[in-house]
Structures are given as structure tokens and as C-alpha cells.
Amino acid sequence: MDGEGNKKPWDASQLRKYDLTFDEIPRLHYKDPKIDEYIRANKPVVIIESNIIKPALQRWTLEYLEKNLGQTGHTCFVSKNHQFKYYDDKKIYDKTNNTKGVEFTPPTKKVEMRIEDFMKRVKEWKKGDDRIYLQQSLTTSVGNNIVEDFVKFDWDYVNGKQAKHNWGPLTSNLLFIAMEGNQTPCHYDEQENFFAQVQGYKRCILFPPSQFECLYPYPVHHPHDRQSMVDFEHPDNAKFPKFKDAKGCEAIVGPGDVLYIPIYWWHHIESLMRGGPTTTVNFWYKGGPSTLEYPLKDHQKVAISRNVEKMLLEVLQDPKEVGPLLSAMVLGRYT
Ligand SMILES: C[C@@H](CC(=O)O)C(=O)C(=O)O
Ligand SMILES: [Zn+2]
């Protein structure tokens with residue numbers, strides 16, 4: 001039961017177990033001015049009872065989406081397990097064209113699927129089958145009804161936050177339709193994000209950029225750049241000794257909740273087990289201008305460290321030389 005004695009729409013048995021504890025991300029009414037204090041401080045907050053995606057809340061059932069999303073192929077990922085770790089295919093070594101890159105076997109397959117085929121596979125899924133995850137940019141290729149709903153989102157509200165906090169332009173709105181239990185492993189994005197939950201419940205575990213050394217991101221040149229190397233369910237504590245010290249926060253978001261995921265904040269997101277399919281729309285914005293005021297913000301230090309890695313890779317050419325050079329520069333001199 002929740003505080004008012006209402007039956008909770010989910011229970012702890014639907015959450016995967018991790019050897020970490022998390023603080024609760026605050027949930028604030030959308031008119032609460034404290035929301036702006038959180039955004040200004042680059043801290044996550046769940047915005048509740050807003051009209052940001054009201055038309056979607058009213059109409060975007062799976063049946064409606066199947067009927068209206070449009071007949072073109074939609075971007076879907078197929079996985080042998082419940083994890084859908086993002087990879088940048090531009091960073092994969094391509095033998096045929098002998099491009100620069102890393103020898104890499106993608107953990108998921110990216111396919112274009114018609115919405116009815118996607119929905120059929122979700123409905124007929126059995127344990128042991130491949131899982132699928134629709135992740136489609138909401139562009140003009142969607143049906144007219146969806147466009148009509150989309151234009152009726154509360155753009156005044158989100159554009160108001162974008163302007164007030166001097167964010168860059170909106171770059172995309174992605175529609176996510178996940179199977180129950182699907183997981184997007186821990187990673188960070190270089191964009192501000194309003195993560196709006198339409199249907200079902202998702203557990204969102206977030207860590208501030210200061211936890212960089214506990215979350216061990218892949219090297220910048222790797223296809224899994226920005227993704228944590230740690231498997232949260234089977235952490236290799238020998239290889240990643242600081243992971244057990246990671247300090248994070250979490251929110252279980254349900255229909256109508258909008259989670260603000262600040263730029264460079266790590267997030268590990270999963271659709272609750274046995275909770276049915278989930279639907280989310282995100283709003284990605286470029287970050288605002290980064291003025292160097294001291295002390296520097298943690299996310300600025302992450303951006304600086306990325307630039308150092310990129311510069312060294314550019315100059316040294318061989319990624320195997322980056323570690324030894326950095327160790328020679330730092331060990332015994334800065335440590
Ligand atoms: C894909 C999404 C996570 C999820 O909903 O599975 C995410 O990482 C983001 O919106 O930045
Ligand atoms: Zn993300």
C-alpha cells in the first residue's frame with residue numbers, strides 16, 4: 001500500500017536485485033517552482049500531474065499505436081537477453097572498407113520492422129525467444145493522428161523550461177515501446193532529457209557525473225562509448241572495485257510522470273518484470289553553452305576528459321598507447 005492506503009501498481013518482486021542502495025528522486029507537482037531549482041542544479045526530478053504528454057496518456061494504447069504509427073518500417077532492436085546496450089556502429093571496424101574502428105560484435109541487432117509485426121512478436125513472445133525493443137524517432141513518417149496528438153503536447157511547458165535554463169535546441173523525440181523486463185544498461189547521454197512515461201512502469205536508476213570512476217565507461221573510441229562496462233547483475237568486483245561504492249538515486253515512473261535526466265547523468269532503465277509492455281516518449285535537447293566558472297561542474301570535467309581522450313587518440317593513432325602515456329603522466333606525479 002502507498003501512503004494513502006492505495007494498492008501500489010507494482011511491487012518489489014518486479015524489480016531486479018542490485019547490491020547497491022539508492023536514494024529516492026523527488027517527485028514534484030509540475031507547477032512547483034522547486035523544479036527549476038533542481039534543473040538549475042543539474043539534478044534529476046520527477047515532474048508529476050503535468051499535461052506535457054496528455055494526448056498520449058489519453059490515446060496511446062498499443063492498439064492505437066499499431067493503428068496509427070504508420071506503415072513504414074520502424075527502428076527496432078533484437079536481443080538474445082533482456083539487455084539492450086546501445087552501440088555506435090560508426091565506431092565498428094569494417095573489414096570490407098578497412099575503416100578505422102574496433103573489432104566488435106554488436107550485442108543486439110538493429111532491424112526495421114512494421115508495427116504490426118512488432119506487436120505480434122510482443123504478444124506471442126515466449127521465454128527463451130529473442131526480445132525486441134522499438135525505438136523510433138517521432139518524425140513526419142508517423143500517422144496523422146499521432147502528429148495531431150504530438151502537436152497537442154504541452155509545448156509551452158517544455159519550451160519554457162528549455163528557454164529558462166538556456167538549453168540548446170530540441171534534437172529529437174523518441175518513442176520507446178518495450179517488452180516487460182527489457183533493460184537499457186547504465187550509460188550517459190550528452191543531452192538534456194525529459195523522459196515522459198506513457199504506459200506501464202519503468203525503474204530509472206541514476207548516478208551523477210561525479211560517479212564516473214565507479215561506473216567505468218568504455219573508452220571514447222569504442223562502439224559502447226558512454227556505456228558503463230559494469231554488468232549490474234553480475235558485477236566483476238575485481239575488475240571494477242569502485243562499483244560497489246557507486247552512489248545513485250532512483251524513481252519508478254508511471255503514466256504521466258516526466259523524469260528530468262540531466263545531461264551527462266548516468267541512467268540504467270528497465271521496464272518492470274511482469275508489468276506488461278511499456279511506452280515512453282523522450283525529449284532530447286542539446287546542452288546549453290558551457291561557461292567555465294570555477295569550481296567546474298562534474299559534468300564539465302567529464303566533457304573535458306572526453307576531449308583529452310579524443311585528442312590523444314587523434315595524435316597517438318593507436319588506442320593501446322593512450323593508457324601507458326596517461327599512466328606515465330599521472331602515476332607518481334599527480335597521484
Ligand atoms: C532509451 C532510454 C532508456 C529506456 O527507456 O530504455 C534512454 O536511455 C534515454 O531516453 O536516454
Ligand atoms: Zn539514455
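Bear in mind the structure is a predicted one, so any value in this text is a computation, not a measurement. Positions are given from 1 along the sequence. First listed ligand is number 1; within each ligand, the first listed atom is number 1.
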Which of Gln191, His299, Glu190 passes side chain to side chain donor-acceptor pair (under 3.5 Å) with Tyr264? Answer is Glu190
Report yes or no: does a heavy atom of Thr280 sit under 4.0 Å from some atom of ligand 1? no
Pairing of Glu192 and Lys161 as salt bridge, 4.0 angstrom limit = no
Q | NZ/NE/NH1/NH2 to OD/OE distance under 4.0 Å, Lys54 and Asp154 | A | no
Q: Could you say whether the N/O atoms of Gln135 and ligand 1 ever approach to under 3.5 Å?
A: no
Where on [X] is there a heavy atom closer than 4.0 Å to ligand 1, on the side chain, on the backbone, on both, or on neither?
X: Asn193; result: side chain
X: Asp189; result: side chain
X: Lys202; result: side chain
X: Phe195; result: side chain
X: Tyr86; result: neither

shortest atom 1 (C) of ligand 1-to-protein heavy-atom contact is with Phe176 CE2, 3.4 Å
Sub-4.0 Å atoms of ligand 1 with respect to non-hydrogen atoms of [X]:
X: His187; result: 8 (O)
X: Trp284; result: 9 (C), 11 (O)
X: Tyr133; result: 4 (C), 5 (O), 6 (O)

Atom name of the N, O or S atom of His267 nearest to the Zn ion (ligand 2) is NE2
Among N, O or S atoms, Asp189 approaches the Zn ion (ligand 2) most closely through OD2
Will you find, in the side chains of [X] and [Y], an N or O donor that is under 3.5 Å from an N or O acceptor?
X: Ser290; Y: Gln300; answer: yes
X: Thr139; Y: Ser141; answer: yes
X: Asp236; Y: Tyr216; answer: no
X: Glu270; Y: Thr184; answer: no

Would you check if the distance from the ring center of Phe283 to the ring center of Trp155 is below 6.0 Å?
yes
Original post:
For the ring pair His187 and Tyr86, is the centre-to-centre distance below 6.0 Å?
Top reply: no
